There are 2 protein chains.
Amino acid sequence: MRIVKEAEERRNEILDAADQLFGQKGFDGTSTNDILEKVGIARGTLYYHFKSKEDIMDALIERYNVLLIGAAQEAAADKSISVYERIMRVVMALNISGNSSHEIMEHIHKPQNALMHQKIQKVIIGGVPPILADLIREGIEQGLFHTPFPFECMEMVVIYLNTIFDQDMVDMTDEGRLSRLQAFAFNIERLLGVENGSLMEMMQMFGSGEGDSQV
Amino acid sequence: MRIVKEAEERRNEILDAADQLFGQKGFDGTSTNDILEKVGIARGTLYYHFKSKEDIMDALIERYNVLLIGAAQEAAADKSISVYERIMRVVMALNISGNSSHEIMEHIHKPQNALMHQKIQKVIIGGVPPILADLIREGIEQGLFHTPFPFECMEMVVIYLNTIFDQDMVDMTDEGRLSRLQAFAFNIERLLGVENGSLMEMMQMFGSGEGDSQV
DNA sequence: TTTTACCGACAGGCAGTCGGTCTATAACAA
DNA sequence: TTGTTATAGACCGACTGCCTGTCGGTAAAA
């Protein structure tokens, strides 16, 4: 039985299936046969739409990156709200795990998907710090922050968050998480040259939404 | 022709071969047959000494980690020299690429070896910050630094270095590298609560050895 | 009739297994 | 001391099953 669909529709079916399977079993643990069966197509069809298995992963990452960076930019662009809140929203945009449509984040952070993780990290590290740096510069003009290196500060913050929420946080007690968060806030305050405690206040303003922000 | 050797000798032969091959072609790009041929043994022999291909990688990483953390601890323990210099030496210990025996670092930082990279990073992030944090505490007692969170500061520094020297530095101009280094030094100064410029001086004391420190 | 999407048999290569073989050493007998 | 046998550790290579990617051909749509 042969079912014909538009190329883009098929492509997305394949990507959706791969998304789920990679999440469950990892990239290496998922065979192209798994994807074939899940979508209900033949081998040739898969390779008609994608040139290799890795090509599927790249497309998946691309789809995800557009979402991620787009959300971050959108959050940063909304000039109707304060710089503080925009920063928080950008950071929270990195955590789409709460989002209904995609649970990529859940499974990205496991050793099975090392390559996928690395590729996404590259985009985050390349894309997010510039957005945050612009916000920091705006904050500097308003006298909120004081640093000659807004970009490098944000780069450090993003990299740290991105790494730390990966490995350590997973197997940590709540108290451990909290004290680490306090230390983190303190360090950011120093980096941004703001007086002690003002950032901690800000973070509490937005509730505990931060505790589980996974980048 | 059958050549019999002691188990550990064979194991090391296999590891040496795998080390080179993984470096040249990456983990995925290297087949067990490649290793077999290079060592000059049969399939069964390989699986007599290692239970899987990944097991070989793990042994390789273990061998490397012992070296790395050992060197870092040794550098930190030498109480005859100043805290400043010991810190520098620990950081430089992470850069064994200059070392004659091992060039692992060169090839670890490429996408082919994502999993290997991730595993080593985990050890570095787990092992190095505690060592540095102790040094910072010593420095605090001497009035050199001022921070309530020495561990978290060092964690941030190590993670940042480890990540940044990976991806970005590779395709950067010398000027770009320098300005990034200045920003980095400035940020560390803020984290450690020392007055502006003292760290930069320290780094220059030890020459340009830092510019190419790859973690 | 041409283009687009699809099919499935096939080739080549891969990791890991398994029954069997060799050899160094030890233990024992002459 | 010398010769013999037993044993365990090291080694071998054919084989299995799976996996990715290819290719000639086919059906449906335009």
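Letters go in sequence order (proteins before strands), and every chain restarts at 1. Bear in mind that the values here come from a model prediction, so they are computed numbers and not experimental data. Atom set for the values below is all heavy atoms of this structure, side chains included, hydrogens, waters and symmetry mates excluded.
Checking side-chain atoms of A/Thr163 against main-chain N and O of A/Ile159 turns up a donor-acceptor pair under 3.5 Å.
For A/Glu138, the side chain to side chain donor-acceptor pair (under 3.5 Å) partners are A/Arg86, not counting sequence neighbours. A/Gln73 is linked by a side chain to side chain contact (heavy atoms under 4.5 Å, CB included) to A/Ile69, A/Ile131, counting only residues two or more places apart in sequence or in another chain. Partners of A/Asn12 according to the side chain to side chain contact (heavy atoms under 4.5 Å, CB included) rule, which considers only residues two or more places apart in sequence or in another chain, are A/Glu8, A/Leu15, A/Arg63. Shown here are the ring-ring contact (aromatic ring centres under 6.0 Å, His included) partners of A/Phe149, two or more places apart in sequence or in another chain: B/Phe186. Residues passing the ring-ring contact (aromatic ring centres under 6.0 Å, His included) test with B/Tyr160, sequence neighbours excluded: B/Phe184. Remark: B/Asp58 engages B/Lys119 in a salt bridge (charged side-chain N to carboxylate O under 4.0 Å, His left out) (not counting sequence neighbours). Residues passing the ring-ring contact (aromatic ring centres under 6.0 Å, His included) test with B/Phe50: none are found, sequence neighbours excluded. By the side chain to side chain donor-acceptor pair (under 3.5 Å) test, B/Ser31 pairs with B/Asp34, sequence neighbours left out. Among residues two or more places apart in sequence or in another chain, the ring-ring contact (aromatic ring centres under 6.0 Å, His included) test is passed with B/Phe27 by B/Phe22.
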Extract from the structure each pairing of a protein N or O with an N or O of nucleotides 18-21 of chain D at less than 3.5 Å, listing the distance.
unit_1: D/dT20; atom_1: OP1; unit_2: A/Thr32; atom_2: N; d: 3.0
unit_1: D/dT20; atom_1: OP1; unit_2: A/Lys53; atom_2: NZ; d: 3.3
unit_1: D/dT20; atom_1: OP2; unit_2: A/Thr32; atom_2: N; d: 2.9
unit_1: D/dT20; atom_1: OP2; unit_2: A/Thr32; atom_2: OG1; d: 2.5
unit_1: D/dG21; atom_1: OP2; unit_2: A/Tyr47; atom_2: OH; d: 2.7
unit_1: D/dG21; atom_1: OP2; unit_2: A/Lys53; atom_2: N; d: 2.9
unit_1: D/dG21; atom_1: N7; unit_2: A/Arg43; atom_2: NE; d: 2.9
unit_1: D/dG21; atom_1: N7; unit_2: A/Arg43; atom_2: NH2; d: 2.8
unit_1: D/dG21; atom_1: O6; unit_2: A/Arg43; atom_2: NE; d: 2.7

Output one line per pair: protein atom, nucleotide atom from nucleotides 24-26 of chain C, and distance, for all N/O pairs under 3.5 Å.
none

Polar atom pairs (N or O), protein with nucleotides 1-4 of chain C, under 3.5 Å:
none

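Atom CG of B/Asp55 is separated from atom P of C/dT17 by 11 Å (rounded to the nearest Å).
Residue contacts shown for B/Leu46 are absent, as no nucleic acid heavy atom lies under 4.0 Å away.
The side chain of A/Arg2 places no N or O atom within less than 4.0 Å of a non-bridging phosphate oxygen (OP1 or OP2) of D/dT26.
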